[in-house]
Amino acid sequence: MSNYLASYDVAVIGAGHAGIEAAMAAARLGAKTVLFTLTLDGIANLPCNPSIGGTAKGHLVREIDALGGVMGIAADANTLQSRMLNLGKGPAVHSLRAQIDRQAYHVYMKKLLEGQQGLDIRQAEITQIEVEGGKVAGVVTRLGARYQVKTAIIASGTYLNGEIHVGEVSYPGGPDGVAPAVGLTANLEQHGIHLRRFKTGTPSRVHRRSIDFSKLEEQKGDEKVTAFSFAAERPPKNVVSCHIAYTNEETHQIILDNLDKSPIYSGRIHAIGPRYCPSIEDKIVRFSDKPRHQCFVEPMGLDTDEMYLQGLSSSLPEDVQLKFLRSMEGFEEIQVMRNAYAIEYDCCDPLDLRATLEFRQVEGLYGAGQFNGTSGYEEAAAQGLIAGINAARKIQGKTAFTLDRSTSYIGTLIDDLVTKGCSDPYRMMTSRSEFRLILRQDNADERLTPLGYSLRLIDEKRYQGFRQKMEQIAAEKERISKVSVPPSPQLNELLVSRGTSEVSTGTRLLELLKRPQLSYEDLAPFDPERPYLPDAVQEQVEIQVKYEGYIKKQLAEVEEMRKLEKQSLPQNLPFDQIDGLRLEAREKLARVQPENVGQASRISGVNPADISALLIWLAAHKEERNKSND
């Protein structure tokens with residue numbers, strides 16, 4: 001302990017959404033943990049849109065919750081408005097999104113961290129990771145304080161060497177006027193970590209009273225609200241409306257006339273921004289055929305008049321920002337409280353990471369969140385949870401915890417990062433998963449809660465509630481497979497009205513429910529013995545019955561994938577000596593160092609012929625490897 005202020009098992013650097021999940025998971029798993037943050041007032045900050053969830057992101061939040069993470073619970077406790085997106089499509093793409101009270105969310109998370117046993121919180125900037133013998137040994141603050149640690153998780157968000165850009169003005173900074181973290185980059189590079197430069201943008205925040213809401217479209221929340229957390233005893237309530245405004249030709253012309261003042265188009269910003277969340281300048285240039293673009297006007301909280309203008313991120317000068325905003329209907333008298341800005345920051349190349357999110361170069365060093373090249377609060381929290389679990393298990397001598405693509409969107413996210421890397425900030429989308437029919441947000445508990453329980457992040461009470469739900473689903477499916485509904489004028493009238501054929505003989509409820517035109521509720525009048533069941537149970541019964549054939553087909557595809565996943569690859573495989581591998585494949589395989597054949601098959605630049613060559617080589621050298629293992 002010489003020269004150390006304290007000793008810890010796990011140090012988490014950054015208290016955003018990744019850092020919170022990492023610190024909570026590590027501490028709850030029994031690791032002595034310290035969480036470092038640049039400012040205690042920035043814990044769980046929502047520096048961009050004050051919302052959680054959305055398309056595919058809602059899946060991540062429910063998976064985090066099913067494993068025992070805290071984002072879903074905190075979101076439910078601070079929801080202002082909740083909407084289920086994509087209800088016009090199939091259940092695989094239904095995604096929950098909630099508008100969040102920004103300040104209340106910060107207070108809630110800060111209190112949660114403060115109450116966690118085994119977790120200390122320190123306001124300090126970490127400038128060095130100390131490494132001894134290739135392993136993490138300690139961390140050092142800007143003030144020179146040293147802490148002895150066995151593992152460290154970097155969750156620096158957009159603060160690492162952050163630089164703000166507004167028009168022709170650039171200066172060091174993090175989101176919301178907080179100072180950036182400037183000391184750690186050089187230290188990480190000394191340890192062989194490959195760093196890159198990404199950027200993102202944040203729209204203006206404006207005063208509620210300066211908006212003419214009579215000219216905007218009102219967007220109300222759902223009548224029937226769904227909670228993020230499977231453990232929620234009751235769903236949150238909708239207490240606010242959001243609104244929609246639109247740009248117009250005048251708006252677009254103002255922006256086009258001032259493109260030379262944008263640091264993105266003037267060449268002053270060279271970092272790569274998020275492809276799926278472009279600035280308003282990018283939208284107008286890239287989609288020049290569109291006469292208008294949507295802007296969602298979202299409240300920042302119940303105790304503030306700040307409104308967030310989602311869809312209008314910009315790095316144009318302040319006067320241009322104000323001019324194009326006031327050209328929009330309903331914004332003629334708009335008053336800006338916080339101007340829009342772009343921010344550049346340092347992040348790692350995720351190809352340096354294993355599936356555990358541990359760096360290959362330094363044992364015991366993990367990355368999580370935007371530091372790993374992703375965008376979004378939800379992607380960050382998912383990675384933080386996995387990094388925190390693995391850091392704790394490592395120091396406890398337990399096996400690593402990983403999720404594959406067939407189990408979760410979390411597994412898909414991490415597999416994409418560590419096998420394919422990312423050339424721009426990675427955003428989760430349902431289209432990224434080849435197994436999205438079985439990776440629905442509604443069944444995240446069925447997929448992951450047993451794992452959360454085995455990790456001891458899900459307590460006994462919650463697990464027994466989960467088991468009861470699974471038993472109710474199975475019992476109801478069994479019951480409706482036996483109940484026969486006789487033909488009747490009322491039943492046939494319903495069938496005809498829904499565009500499906502009449503019945504002339506008794507028909508099992510299960511067979512009727514398989515018809516896409518009928519819902520579980522539609523059949524209630526013809527099912528007098530129907531038991532009372534929670535909404536979530538009814539939903540699962542209906543989905544499992546209607547999509548049974550498709551689900552079986554996808555499960556068979558999962559088994560094929562897992563055959564490749566089971567074929568592990570030895571460390572430091574001499575890819576340059578394997579006949580039949582193309583030069584690009586050799587380079588990519590050597591760079592990524594895949595842990596199994598399945599992972600190798602998903603690396604960009606590795607094609608099926610390369611995998612065949614790899615499998616042939618593995619078969620030919622199997623006996624040789626077995627002898628060396630003996």
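Computed over heavy atoms, backbone and side chain alike; hydrogens, waters and symmetry mates excluded. Nothing fancy with the numbering, it's 1 onward along the sequence. Quantities reported herein were computed from a predicted structural model and do not represent experimental measurements.
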Checklist outcome for this item: From the list R427, K57, Q370, side chain to side chain donor-acceptor pair (under 3.5 Å) partner of E379 resolves to K57
Checklist entry - Hey, are R432 and D415 close enough for a salt bridge, meaning a charged N less than 4.0 Å from a carboxylate O? => result no
Next on the checklist: If we check side-chain contact (heavy atoms from CB on, under 4.5 Å) with P175, which of these qualifies: T202, T200, I164, T158?
Outcome noted: T158
Checklist entry - In terms of ring plane angle, is the pair Y463 and Y453 parallel, tilted or perpendicular, where the classes change at 30° and 60°? => result parallel
Checklist entry - How long is the span from the NE2 atom in H207 to the CD atom in Q335, to the nearest 0.5 Å? => result 9.0 Å
Item to check | Under 3.5 Å side-chain donor-acceptor pair for Q383 and T374 | outcome: yes
Item to check | Ionic contact status for D352 with R360, cut-off 4.0 Å | outcome: no
Item to check | From R205 atom CZ to M307 atom CE, the distance as rounded to the nearest 0.5 Å | outcome: 12.5 Å
Checklist entry - Do we get R122 above F36's six-membered ring, with its NZ or CZ under 6.0 Å from the centre and within 45° of the axis? => result no
Item to check | CA sep, side-chain torsions, deciding dist, call: D120, K32, salt bridge (Lys or Arg N to Asp or Glu O under 4.0 Å) | outcome: CA-CA 8 Å; D120 291 344; K32 187 180 179 184; 5.9 Å; no
Item to check | Inter-residue atom distance L417.CG - D349.CG, 0.5 Å rounding | outcome: 10.0 Å
Checklist entry - Salt bridge between R447 and E63, side-chain N to carboxylate O under 4.0 Å? => result yes
Checklist outcome for this item: Tested for side-chain contact (heavy atoms from CB on, under 4.5 Å) against L119, the lone hit among V10, L35, V34 is L35
Next on the checklist: For F230, does the six-membered ring have the charged nitrogen or CZ of R62 within the cation-pi criterion, i.e. under 6.0 angstrom from the centroid and within 45° of the normal?
Outcome noted: yes
Checklist entry - Below 4.0 angstrom, N of the basic side chain to O of the carboxylate: do R197 and D346 qualify? => result yes
Next on the checklist: Both conditions, 6.0 Å and 45 degrees, for the charged tip of R102 above the ring of Y308: are they met here?
Outcome noted: no
Item to check | Full working for salt bridge (Lys or Arg N to Asp or Glu O under 4.0 Å) between E378 and R97 | outcome: CA-CA 11 Å; E378 303 82 2; R97 182 184 188 273; over 6 Å; no
Checklist entry - Does the distance from a Lys or Arg side-chain N to an Asp or Glu carboxylate O, for E168 and K261, drop under 4.0 Å? => result no
Next on the checklist: Using the rule given for salt bridge (Lys or Arg N to Asp or Glu O under 4.0 Å), can you reason through R28 versus D459, listing the C-alpha separation, both sets of side-chain angles and the distance that settles it, and then say yes or no?
Outcome noted: CA-CA 11 Å; R28 290 171 63 198; D459 64 26; over 6 Å; no
Checklist entry - Cut-off 3.5 Å, side chains only: do S95 and Q441 have a donor facing an acceptor? => result no
Checklist entry - Do the side-chain N and O atoms of N390 and Y366 include a donor-acceptor pair separated by under 3.5 angstrom? => result no
Item to check | Residues, nucleotides or ligands: over 12 heavy atoms within 6.0 Å of E460 CD | outcome: yes
Checklist outcome for this item: side-chain contact (heavy atoms from CB on, under 4.5 Å) with E130: of V149, V136, V140, N187, only one passes, and it is V140
Next on the checklist: Tell me whether the rings of F198 and Y345 are parallel (<30°), tilted (30 to 60°) or perpendicular (>60°).
Outcome noted: perpendicular
Item to check | Presence of salt bridge, D41 and K110, under 4.0 angstrom | outcome: no
Checklist entry - Can you tell if the side chain of E298 reaches within under 4.5 Å of the side chain of N49, non-hydrogen atoms only? => result yes
